[in-house]
2 protein chains.
Amino acid sequence: MIETRDRILDAAERLFAERGYAATSLRSIMAEAGVNVAAIHYHFHSKESLLEAILLRRLDPANRERLSALEDYEASVVDGRLEVDRILEAFLYPTFRMAADPASGGYTFIALLGRLQAESDLLPNIVFSRLGPVLLRFADALGRALPDLPPSELFLRARLAMGAAAQVLRDAPHIHSLTQNGAGNGSLPHWESLMERIIPFLSAGFRVPHHGGAELGFLPEITQFQPAALPLQENR
Amino acid sequence: MIETRDRILDAAERLFAERGYAATSLRSIMAEAGVNVAAIHYHFHSKESLLEAILLRRLDPANRERLSALEDYEASVVDGRLEVDRILEAFLYPTFRMAADPASGGYTFIALLGRLQAESDLLPNIVFSRLGPVLLRFADALGRALPDLPPSELFLRARLAMGAAAQVLRDAPHIHSLTQNGAGNGSLPHWESLMERIIPFLSAGFRVPHHGGAELGFLPEITQFQPAALPLQENR
DNA sequence: GTCTATAACTTGATAGAC
DNA sequence: GTCTATCAAGTTATAGAC
């Protein structure tokens, strides 16, 4: 039998992805999971901790996969010339595979991540503490593949690429269902052929020569992959 | 003196952009605008209508600018060969100018749009009814500039491009403040030089040759620019 | 048009029985 | 570990005085 704790995690993951964090009440999660409200508080203490638990459950496994895929590729390169396409693939492959995963609710998680990424003030520090180092590791590989690109330009392009990928990944449940229905390009499942259409788009952008232009003040926070602080009138 | 109605719109626009729609209460808007709760209901009937009013106030002017920029460019082309870069510029120029606008709170609106785009279920029909036709118009121009690209591929790339741009535009207040502080590439203000770094990235992606691959079932809803429906267990 | 007052309800969280 | 019962606070929305 499935544990109560896991049922809560699954239900919350789904509802947060579908409706957003703030718009989802603990009571709707309770109804979806078929448990009592108090059970949520017993297992997770607070709503925010619940979100943290959801993220922790899936973040590290995916990141391990990303890093090992990158290391495998780097080890396979003999002449030291890294290709942008393969670096992007090492990052996106685990992501898209998860987005199409028929067994686990991984596709729900990917949709949730796509959402939270746009609600950056909501993204707990966990995501940045866990994903940040991985992003820096990939940025380093991209920098070696594109030695003529100044760091500020590299990070701007990385940001653009993440936004582009997130836009499609917000549709993870759709990707999932198409894959389930056998859509795809003959030999490849749908999610994989979708990924192989996205990578050339991003790679071409990364490989555009950099036309002079000043180094801008845009750099500092971007090189950290920190959430953007909105310099508005008041905070919270 | 500034009208109460406008003060409410300004305050709500700012807070929705900063904290998200669901997380912002009418009372916090009331406090920010310095008006009474009842005044909000008097002028806007409901919270959702308030969001609609915010969107309507700025959506149409920006779209008019986008369309006229595109028409001006098309009229200036004599050999009938449209360039992707210029089409993208016609769309992005009004957007980025608004994102940096020192006078109005346009940059707040752009940040809000970037957020809502990720909370697609929240985006009222208004956005799709007003922005949809404009997007189709630009997709048509892109299709003429890239005649070898199948529509499904064109729309996928358009979606990637919008996600990439939105990712950067979510930082609109930051772009705004940098421009205010005189950052930029010598002759150009910061926001304009930023836009000119983004367009080549996107354009290169659009111009990548399309390698075979099957036409996928991904097409139908994407060609409509409809919000993605999440095929989860229950709805609302 | 703007206010006070309040209705009617939902929220996250907890205490205590079992 | 899971329940019932309940809390205090916050939510949108409205009725009616000015």
Side-chain angles (χ1 to χ4, degrees), chain A residues 1-57 112 115-116 119 121-126 234-236, chain B residues 1-57 112 115-116 119 121-126 234-236:
Chain A
M1 176 221 168
I2 309 176
E3 290 295 333
T4 300
R5 199 188 127 96
D6 287 326
R7 288 233 309 287
I8 296 172
L9 282 173
D10 289 343
E13 184 176 65
R14 189 163 44 217
L15 292 179
F16 285 161
E18 186 180 359
R19 308 175 183 179
Y21 173 80
T24 303
S25 71
L26 293 181
R27 301 178 118 85
S28 64
I29 295 171
M30 158 203 121
E32 180 90 357
V35 302
N36 194 277
V37 215
I40 300 182
H41 280 98
Y42 173 79
H43 285 285
F44 303 101
H45 181 63
S46 75
K47 190 182 178 183
E48 199 178 333
S49 305
L50 170 58
L51 177 59
E52 282 191 7
I54 291 172
L55 295 170
L56 276 179
R57 181 169 63 150
L112 173 61
R115 264 196 109 122
L116 290 180
E119 307 181 76
D121 48 322
L122 249 175
L123 266 183
N125 292 331
I126 290 172
E234 53 148 10
N235 270 329
R236 203 145 306 239
Chain B
M1 177 221 167
I2 308 176
E3 290 295 333
T4 300
R5 201 188 126 95
D6 287 326
R7 289 232 309 285
I8 297 173
L9 283 173
D10 290 343
E13 186 176 63
R14 188 163 44 217
L15 292 179
F16 285 161
E18 186 180 359
R19 309 174 183 179
Y21 173 81
T24 303
S25 70
L26 293 182
R27 301 178 115 83
S28 63
I29 295 171
M30 158 203 120
E32 179 90 355
V35 301
N36 195 278
V37 215
I40 300 182
H41 280 98
Y42 173 78
H43 286 285
F44 303 100
H45 184 61
S46 75
K47 189 182 179 183
E48 200 177 334
S49 306
L50 169 58
L51 177 59
E52 282 192 6
I54 291 172
L55 295 169
L56 276 180
R57 180 169 65 150
L112 173 60
R115 263 197 111 120
L116 290 180
E119 307 180 74
D121 49 320
L122 249 175
L123 265 182
N125 292 331
I126 290 173
E234 52 148 10
N235 269 329
R236 204 138 310 234

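FYI, side chains are in, hydrogens and waters are out, and symmetry mates aren't considered; it's all heavy atoms of this structure. Throughout, protein chains are lettered first and strands after them, A, B, ... in sequence-line order, and every chain is numbered starting at 1.
Minimum interatomic distance between A:Leu26 and A:Ile40 (heavy atoms only, all atoms of both residues): O-CD1, 3.5 Å. The minimum heavy-atom distance between A:Ala12 and A:Leu50, with the atom names listed, is CB-CD2, 3.8 Å.
A residue-by-residue look at A:Ala23 and A:His45 shows that A:Ala23 has its nearest nucleotide of DNA chain C further toward the 5' end.
Remark: P of D:dA13 and CD1 of B:Ile40 are 10 Å apart, rounded to the nearest angstrom. The nearest whole Å value for the distance from the CE atom in A:Met30 to the P atom in C:dT11 is 10 Å. The interatomic distance linking A:Lys47 (NZ) with D:dG10 (C1') rounds to 13 Å, in whole Å. Separating the OH atom of B:Tyr21 from the C1' atom of D:dT11 is a distance of 12 Å, rounded to the nearest angstrom. Whole-Å rounding puts the B:Leu26 CG to D:dA13 P distance at 6 Å. When rounded to the nearest whole Å, the span between CG of A:Leu51 and C1' of C:dG12 equals 15 Å.
Under a cutoff of 6.0 Å and an axis angle of 45°, B:Lys47 and B:Tyr21 form a cation-pi pair.
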All N/O pairs under 3.5 Å across the protein-nucleotides 2-6 of chain C interface:
residue	atom	partner	partner atom	Å
C:dT2	OP1	B:Thr4	OG1	2.7
C:dT2	OP2	B:His43	NE2	2.7
C:dC3	OP2	B:Asn36	N	3.1
C:dT4	OP2	B:Asn36	ND2	2.9

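Checking the phosphate oxygens (OP1, OP2) of D:dT14, no side-chain nitrogen or oxygen of B:His41 falls inside 4.0 Å. An OP1 or OP2 oxygen of D:dG10 is reached within less than 4.0 angstrom by no side-chain nitrogen or oxygen of B:Ser25.
Considering CD1 of B:Ile126 and CD of B:Glu52, their distance stands at 3.0 Å, rounded to 0.5 Å. Taking CG from A:Leu112 and CG from A:Leu51, the interatomic distance works out to 6.5 Å, rounded to the nearest 0.5 Å. Here A:Ser25 contributes atom OG and A:Arg19 contributes atom CZ; the two are 7.5 Å apart, rounded to the nearest 0.5 Å.
Residues meeting the side-chain contact (heavy atoms from CB on, under 4.5 Å) test with B:Arg57, sequence neighbours left out: B:Asp6, B:Leu9, B:Asp10, B:Glu13.
Within the nucleic acid shown, A:Thr24 comes within 4.0 Å of sugar-phosphate atoms alone, with no base atom in reach, counting heavy atoms only.
Remark: the backbone N or O of B:Phe44 is not paired with any side-chain donor or acceptor of B:Arg5 at under 3.5 angstrom.
With a 3.5 Å limit on both pairing distances and Watson-Crick or G-U wobble geometry required, the stems of 3 or more pairs in DNA chain C span C:1-7 with D:12-18, C:9-18 with D:1-10.
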